[in-house]
Enquirer: 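Pasting a structure below so you can have a look.
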Amino acid sequence: MSVQAYSPFRANLITPSDLRRLNEIRPWVPVLATVVHWTLIVAAWTMVALWPSFATVVLAFFVVGVNFYGLYIIMHDGLHRRLFRSVTLNDLWNDLTMTASIGAITRINRRNHMTHHHSTCLADDPDRFKYVHEGKDVVIPFMAFLSGVSPLVTAVRNVFFKRSPQSVASPIEPSERYRLRDILLLAAWQLVLIGGLSYSIGAWAYPCLWLAPTYALAYRADLVRVFCEHSMMIADEDADSSMRLITYESNWFEKLFFAPHNMNYHMAHHLWPSIPYYNLPEADRLIRASEIARKGDTRLVWRKSYVGYLISYANWRRSNAAIVMPEQSHA
């Protein structure tokens with residue numbers, strides 16, 4: 001849905017004074033969270049180096065993956081440039097502590113994500129393939145999608161080569177080209193990761209304790225989250241008209257694997273991408289208290305569980321139900 005379609009909600013759900021307060025950036029929050037996440041990741045690697053065993057490797061796999069997913073969500077706020085008031089400092093911190101470790105650069109990857117926000121529910125949304133019904137019509141294709149394998153090529157293409165799935169390859173703008181600073185950061189991160197893990201643990205540690213957990217518990221988990229937070233069990237054209245504004249009331253354990261750092265409040269995030277992740281719970285509370293929500297506007301959707309929705313969706317697609325299952329909406 002184009003950003004203009006959100007205007008009635010933006011004008012009535014949260015007051016301008018509350019929005020100004022919620023938009024305030026507190027850099028110490030993401031900085032502290034980043035330090036904590038990396039500390040736990042390094043601690044997990046150290047544990048395996050000191051006490052190598054099947055149990056410590058499995059534990060480290062989950063610690064690394066879950067904590068990098070937390071970093072991934074902070075990195076997402078960096079794409080919105082909500083970590084620091086200075087764009088230069090925002091991008092430098094984001095690249096230095098997070099994005100470059102997985103081969104990305106904030107300035108370049110930001111384009112794809114901003115297009116998603118500007119064109120959600122429209123044909124030129126580069127993330128549309130993640131949440132529409134196409135390619136998820138039976139169980140095996142749906143499972144292939146959830147594994148992250150089938151969407152990977154499309155995601156890479158959209159970030160680095162195309163502005164949308166509908167367009168032909170477009171030229172890269174000068175601001176979107178890799179600079180010497182970017183290349184040095186990318187190379188340094190991989191040298192540190194490959195060299196450090198190989199030296200302290202073994203050559204197998206880089207693929208098993210970095211690539212695998214970040215793929216399984218960050219990239220793949222985020223893919224599933226995006227699907228759950230934009231997919232609806234009705235025809236896609238009807239879902240587009242409803243604007244796909246969905247928030248999850250999940251428990252802490254499920255959020256650990258699907259939506260760390262308040263990304264379950266995705267309705268508020270799409271309505272106001274300027275709100276930092278740590279203020280999203282307050283934004284959701286204000287939305288619920290609004291007159292529009294209290295009157296039961298069906299375009300505002302709250303769901304209970306990510307896992308619950310995945311099971312319901314798989315059953316719905318398998319049965320090819322003629323009657324669409326109703327969304328759970330309430331204030």
Side-chain angles (χ1 to χ4, degrees), residues 1-14 19 22-23 72-73 75-82 106 109-136 145 151 154-159 162-167 170 219 221-248 258-259 261-277 279-280 283-284 287 290 292-293 297-303 306 309-310 313 327 329:
M1 186 65 59
S2 65
V3 291
Q4 289 79 10
Y6 291 150
S7 296
F9 285 132
R10 289 173 171 169
N12 295 287
L13 290 176
I14 294 180
L19 184 58
L22 293 172
N23 279 341
Y72 194 94
I73 297 302
M75 180 179 74
H76 163 266
D77 253 36
L79 292 179
H80 285 281
R81 289 175 170 157
R82 306 309 293 160
T106 300
N109 287 66
R110 184 176 188 272
R111 177 192 68 179
N112 185 77
H113 190 64
M114 293 304 102
T115 303
H116 163 64
H117 271 272
H118 189 271
S119 302
T120 307
C121 303
L122 299 180
D124 60 343
D125 179 357
D127 286 349
R128 186 172 174 80
F129 72 99
K130 296 179 180 179
Y131 55 79
V132 295
H133 299 315
E134 182 181 358
K136 309 174 187 70
F145 168 80
T154 304
V156 171
R157 180 195 66 191
N158 289 345
V159 170
K162 293 188 177 184
R163 296 195 180 278
S164 79
Q166 312 301 321
S167 66
S170 56
Y219 160 72
D222 198 64
L223 177 72
V224 174
R225 178 189 63 78
V226 171
F227 167 76
C228 290
E229 291 170 351
H230 290 291
S231 165
M232 302 183 80
M233 290 183 286
I234 54 178
D236 280 326
E237 59 182 17
D238 294 329
D240 293 342
S241 298
S242 73
M243 296 191 289
R244 302 181 186 265
L245 292 172
I246 300 164
T247 277
Y248 277 81
F258 286 95
H261 295 306
N262 302 321
M263 266 294 98
N264 54 301
Y265 299 106
H266 212 63
M267 179 197 304
H269 172 64
H270 260 267
L271 288 171
W272 298 281
S274 59
I275 298 178
Y277 71 85
N279 288 335
L280 289 176
D284 182 71
I287 291 173
S290 69
I292 292 176
D297 193 310
T298 58
R299 292 171 296 177
L300 303 179
V301 178
W302 283 267
R303 292 176 182 155
Y306 289 94
Y309 179 75
L310 288 172
Y313 184 88
E327 291 292 332
S329 300

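Source: prediction; values computed, not measured. Along the sequence shown, the residues carry numbers beginning at 1.
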Enquirer: If you apply the rule side chain to side chain contact (heavy atoms under 4.5 Å, CB included), what do you find for His116 with Arg128, and how did you get there?
Expert: CA-CA 8 Å; His116 163 64; Arg128 186 172 174 80; over 6 Å; no
Enquirer: CE/Met267 to CZ/Arg299 distance, rounded to the nearest 0.5 angstrom?
Expert: 11.5 Å
Enquirer: Does the pair Phe9 and Leu300 meet the rule for a side chain to side chain contact (heavy atoms under 4.5 Å, CB included), with working shown?
Expert: CA-CA 10 Å; Phe9 285 132; Leu300 303 179; 4.0 Å; yes
Enquirer: Between Tyr6 and His270 (side chain of the first, backbone of the second, donor and acceptor by atom type, cut-off under 3.5 Å), is there such a pair?
Expert: no
Enquirer: Hey, could you give me the CZ/OH distance between Arg225 and Tyr131, rounded to the nearest 0.5 Å?
Expert: 13.0 Å
Enquirer: Is there a donor-acceptor contact under 3.5 Å from the side chain of His133 to the main chain of Met232?
Expert: yes
Enquirer: Do you know which two heavy atoms are closest between Ser231 and Ile246, and how far apart they sit?
Expert: O-CD1, 3.6 Å
Enquirer: Would you compute the distance between atom CG of Leu223 and atom CZ of Phe129 and round it to the nearest 0.5 angstrom?
Expert: 7.0 Å
Enquirer: Is any side-chain heavy atom of Asn112 less than 4.5 Å from a side-chain heavy atom of Asp127?
Expert: yes
Enquirer: Does the pair Cys228 and Tyr313 meet the rule for a side chain to side chain contact (heavy atoms under 4.5 Å, CB included), with working shown?
Expert: CA-CA 9 Å; Cys228 290; Tyr313 184 88; over 6 Å; no
Enquirer: Test Trp272 against Arg10 for side chain to side chain contact (heavy atoms under 4.5 Å, CB included), laying out the working first.
Expert: CA-CA 8 Å; Trp272 298 281; Arg10 289 173 171 169; 3.7 Å; yes
Enquirer: Between the side chain of Asn264 and the main-chain N/O of Tyr248, is any donor-acceptor distance below 3.5 Å?
Expert: yes
Enquirer: I'd like to check the side chain to side chain donor-acceptor pair (under 3.5 Å) partners of Asp236; sequence neighbours left out, ordered by chain and number.
Expert: Arg244
Enquirer: My understanding is that only residues two or more places apart in sequence, or in another chain, count here; which of them pass ring-ring contact (aromatic ring centres under 6.0 Å, His included) with Phe258?
Expert: Tyr306
Enquirer: Quick one: side chain to side chain donor-acceptor pair (under 3.5 Å) partners of Tyr277, sequence neighbours excluded?
Expert: none
Enquirer: Hey, are His76 and His261 close enough side-chain-wise for a donor-acceptor pair under 3.5 Å?
Expert: no
Enquirer: For Thr106, what residues pass the side chain to side chain donor-acceptor pair (under 3.5 Å) criterion, not counting sequence neighbours?
Expert: Asn94, Asp95
Enquirer: Which residue pairs satisfy the salt bridge (charged side-chain N to carboxylate O under 4.0 Å, His left out) criterion with at least one member in residues 266-275, sequence neighbours excluded?
Expert: none
Enquirer: Using 30° and 60° as the class limits, which term best fits the ring planes of His269 and His266: parallel, tilted or perpendicular?
Expert: tilted
Enquirer: Just jot down the side chain to side chain contact (heavy atoms under 4.5 Å, CB included) partners of Asn23, sequence neighbours excluded, or say none.
Expert: Leu19, Arg82, Ser274, Ile275
Enquirer: Applying side chain to side chain donor-acceptor pair (under 3.5 Å), can you list everything that pairs with Asn262, at least two apart in sequence or on another chain?
Expert: none
Enquirer: Any chance you could measure Glu229, atom CD, to Thr247, atom OG1, to the nearest 0.5 Å?
Expert: 7.5 Å
Enquirer: Report the residues that fulfil side chain to side chain contact (heavy atoms under 4.5 Å, CB included) with Val226, sequence neighbours left out, ordered by chain and then residue number.
Expert: Lys130, Asp222, His230
Enquirer: What's the spacing between Asn109 CG and Leu79 CG if we round to 0.5 Å?
Expert: 6.5 Å
Enquirer: For the pair Ser119 (side chain) and Asp124 (backbone), establish whether a donor and an acceptor sit closer than 3.5 Å, ignoring hydrogens and angles.
Expert: no
Enquirer: If you take all heavy atoms of Leu280 and Ala268, which pair is closest and at what distance?
Expert: CD2-CB, 4.1 Å
